[in-house]
Amino acid sequence: MSEFSGNGPIPDSPISDSPIYGLMAEFDSAQELVSAAHKAHEAGYQKIDAYSPFPIEGLAEAIGFHKNRVPLVVLIGGLVGGISAYALQYWIAAITYPVNIGGRPFHSWPSFIIVTFEMTILFAGLSAAIGMLALNGLPMPYHPVFNVPEFAKASENKFFLIVFSNDPKYDAARTRSFLNSLAPRMIAEVPS
Amino acid sequence: MATNTQIPVADRRVPVIAPGYTFSTIGEKISNIVLSRPVSLGWIFGFLIVFSMMNLLMMALGYLFIKGTGIWGINIPIGWGFAIVNFVWWIGIGHAGTLISAILCLLRQTWRNSINRFAEAMTLFAVACAGIFPLAHTGRPWLAYWLFPYPNTMNYWPNFRSPLVWDVFAVSTYFTISLVFWFVGLIPDFASLRDRAESTLVQRIYGLLAMGWRGSARHWHRYETAYLLLAGLATPLVLSVHTVVSFDFAVGIVPGWHTTIFPPYFVAGAIYSGFAMVLCLAIPIRAIYGLQDFITMRHLENAAKVMLATGLIVAYGYGMEAFMSWYSGSQFDSFLLWNRFHGPYRLSYMALLACNILIPQVLWLKRFRVSTGWLWLISFVVLVGMWLERFIIVVVSLSRDFLTSSWGMYYPTKWDWMTFAGTIGMFLTAMWLFVRILPMISIFELRTLLPESQVHEAEEVKQ
């Protein structure tokens, strides 16, 4: 289910051959994080991610993430819900259980619109929530980034940028000095 | 890109969030209510009261299951009685929550960010209370699943031409989508609580609920898309739910029911009573938990204005009903109006006009909109008025239909009142627990209201 970016898969579970999951830099503000993410992306790093306590406009684009399939999932969910609801009502009222109600035709379509509409919304809404979680690879109680003690602040007031160790440009020393050039608060190695 | 770094000097309104807060103090203030605030004696005392009220519901339903709906005041011709009055009232109350969370989200009304969480909770609890009534009213609630289309040995299928079946689909979809919307909104806040919790058990519980949320940019991106789509889906849904509820009446031919104005008039009435409930809850909660910095007078005033506007739509609905009863030239419709003013339920109708139309007009005056005491009182009056409206629609219309031989009177029994009081108890019990175990204000959405959360492209180019 994990569709992480157009740039190929990003390991979400510990990699066996490498003890290091990535290098993480901590920033103080949303502004710093976005410009750091831009710079890392421009420097050619592809397997990077950024973490923040709230959504930041433009951050996903800054790390090179453009492919968002949630709307497609919702569209499919809505269509499935609507079409199956109408088909079920047609099959029940016109084919398997035809009952004369007030002389209306068996296929009295205006009466079927409401349930069709409600089921479209129900299926689309459930697809939005479940699709979002599934594409995000959640639930995932364990993740290597949680090994960094400072990361607890990622849900409070700190901003993090990580370069994954499976990035083709990743090199322990050079990546660290690159991250240093972004003037972070601190840099931590993320054990996998 | 639109930024809200500085409030223009001309904007003298109270800000949506008091100055001086940072990302971490917002989180601290809201999560401390859940994580570290000691349980007060007042909370326990209040809980005992509302929990006892909820037990009235358990008793009333228990006896109902033994004896059947004969213990209620319903009869023929008034087969609907309190069950449907309360059902429509509760469903209507729920509508404000969805309006705040979905419609105001689409309209980019940032002031919603501090009241959407508990308004959504209110929606869920109100819809749960509402659901009890039609379920109990079926007479044999243990067979309620017959309402759903499923293959069975009786070779029976529901009649999809019936508004009552539409209602089942509308209300159950509404509850499910409200729950999903609420839960999705809570995920990042569960992560905040997980990271702030000190005891391992509490950390594990919130950790489980957060499902490993780590605030990744990719996740946020999909999250925001999903949230926006959910808001876009919930908006037509909420309008459809009370429309379908109004079809329960409008598709029937009883005078006072068979009218095309019902759907918009019901939806406006729902939002009217819903905002009244939001104010009734928000005013004491912000005072007790010291949240005046997040739920400011601006919020209360805006809610009061929405109430005033929807109240006027409701007033227009009443006016149109009166006009149509004259203009239609139908003797039954004219009699309906005469009966409302002079019939046996005239006092309820007078009280309804006073509660829903007359008294709320004081909200035109700023004085009343900025006084929490007055606002609470007016909201309470509106809640009573909207309950009376449903009573008038259900009972008065049924008690006087076409043939004098089928006229009747409706008197609620003590079981009716117990059930109604019991659902209020259930609603308040759920609210009581909610404020102590979940963050009642959306932490991450409130953070996005701080100017520091905005990133400026221009500055970035300079660097």
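All of these numbers come straight from a predicted model, not from anything done at the bench. Lettering follows sequence order; numbering is per chain, from 1.
Ranked by heavy-atom pairs under 4.5 Å with chain B, the list A:V115, A:V145, A:L33 is led by A:V115. Per-residue counts of heavy-atom pairs under 4.5 Å with chain A were compared for B:I177, B:V184, B:L230, B:V180; the largest is that of B:I177. Taking B:Y174, B:F183, B:Y156, B:F181 one by one and counting their heavy-atom pairs under 4.5 Å with chain A, the maximum is reached by B:Y156. Comparing B:S31, B:S216, B:S24 by how many heavy-atom pairs each has under 4.5 Å with chain A, the most go to B:S216. Per-residue heavy-atom pair counts under 4.5 Å with chain A were compared for B:L237, B:V251, B:L208, and the maximum is reached by B:L237. When B:H221, B:E28, B:R194, B:R196 are compared by the number of non-hydrogen pairs under 4.5 Å with chain A, B:H221 comes out ahead. The most heavy-atom pairs under 4.5 Å with chain A, out of B:G27, B:A210, B:S162, B:A170, come from B:A170.
For a residue to count as touching a neighbouring chain, one of its non-hydrogen atoms must lie under 4.5 Å from one of that chain's; by this rule A:V99 touches chain B with the backbone only. For A:S29, no part lies under 4.5 angstrom from a heavy atom of chain B. Of the atoms belonging to B:L233, heavy atoms from both backbone and side chain fall under 4.5 Å from chain A. For A:T96, the part sitting under 4.5 Å from any heavy atom of chain B is the side chain, from C-beta outward, and nothing else. For chain B, the nearby part of A:W91 is the side chain; its heavy atoms alone come within less than 4.5 Å. Heavy atoms closer than 4.5 Å to chain B are found in the side chain of A:L88, but not in its backbone. Looking at B:P236, the atoms closer than 4.5 Å to chain A (heavy atoms on both sides) sit in the backbone and in the side chain alike.
Residues of residues 151-160 of chain A placed with any heavy atom under 4.5 Å of a heavy atom in chain B are listed by number as A:F151, A:A152, A:S155, A:E156, A:N157, A:F159. Of all residues spanning residues 117-125 of chain A, those with a heavy atom less than 4.5 Å away from chain B's heavy atoms are A:F117, A:E118, A:M119, A:I121, A:L122, A:A124, A:G125, arranged by number.
Nearest heavy-atom pair, A:F146 versus B:G212, reported as atom, atom and distance to 0.1 Å: CZ-O, 4.0 Å. Minimum heavy-atom separation, B:A217 to A:A60: O-CB, 4.0 Å. The shortest non-hydrogen separation linking A:F54 to B:F444 is CB-O, 3.9 Å. The shortest non-hydrogen separation linking A:I92 to B:P149 is CD1-CB, 4.0 Å. Residues B:S453 and A:A30 approach most closely at O-CB, 4.3 Å, considering heavy atoms.
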Subject >> Test log, rule side-chain contact (heavy atoms from CB on, under 4.5 Å), inputs B:R214 and A:M140 >> reply: CA-CA 10 Å; B:R214 49 188 192 275; A:M140 185 191 290; 4.0 Å; yes

**OP:** Please assess A:I101 against B:N159 for the test side-chain contact (heavy atoms from CB on, under 4.5 Å), listing each intermediate value before the final yes or no.
**Re:** CA-CA 9 Å; A:I101 308 283; B:N159 167 24; 3.6 Å; yes

**OP:** Show your working on side-chain contact (heavy atoms from CB on, under 4.5 Å) between A:L138 and B:W213 and close with a plain yes or no.
**Re:** CA-CA 7 Å; A:L138 300 175; B:W213 182 262; 3.6 Å; yes

**OP:** Check step by step if side-chain contact (heavy atoms from CB on, under 4.5 Å) holds for B:W220 and A:F65.
**Re:** CA-CA 11 Å; B:W220 276 125; A:F65 174 69; over 6 Å; no

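The closest side-chain heavy-atom distance from B:M211 to A:L133 is below 4.5 Å. By the 4.5 Å heavy-atom criterion applied to side chains, B:T225 and A:P71 are counted as neighbours. Side-chain contact check for A:S111 versus B:W166: some heavy-atom pair is nearer than 4.5 Å.
A donor-acceptor distance shorter than 3.5 angstrom exists from the side chain of B:R161 to the backbone of A:F106, with no hydrogens or angles considered. The backbone N or O of A:N136 sits less than 3.5 Å from a side-chain atom of B:H219, completing a donor-acceptor pair.
With a 6.0 Å radius and a threshold of 12 heavy atoms from other residues, nucleotides or ligands, B:I253 has its CD1 atom at or below the threshold. Surrounding OH of A:Y90 are at most 12 heavy atoms belonging to other residues, nucleotides or ligands under 6.0 Å away.
For the atom pair A:E57 CD and B:Q454 CD, the distance stands at 7.0 Å (nearest 0.5 Å). Rounded to the nearest 0.5 Å, atoms CZ (B:F160) and CD (A:Q89) are 5.0 Å apart. Here A:N68 contributes atom CG and B:E224 contributes atom CD; the two are 10.5 Å apart, rounded to the nearest 0.5 Å. B:D167 contributes atom CG, which lies 9.5 Å from atom CD1 of A:I114 (distance to the nearest 0.5 angstrom).
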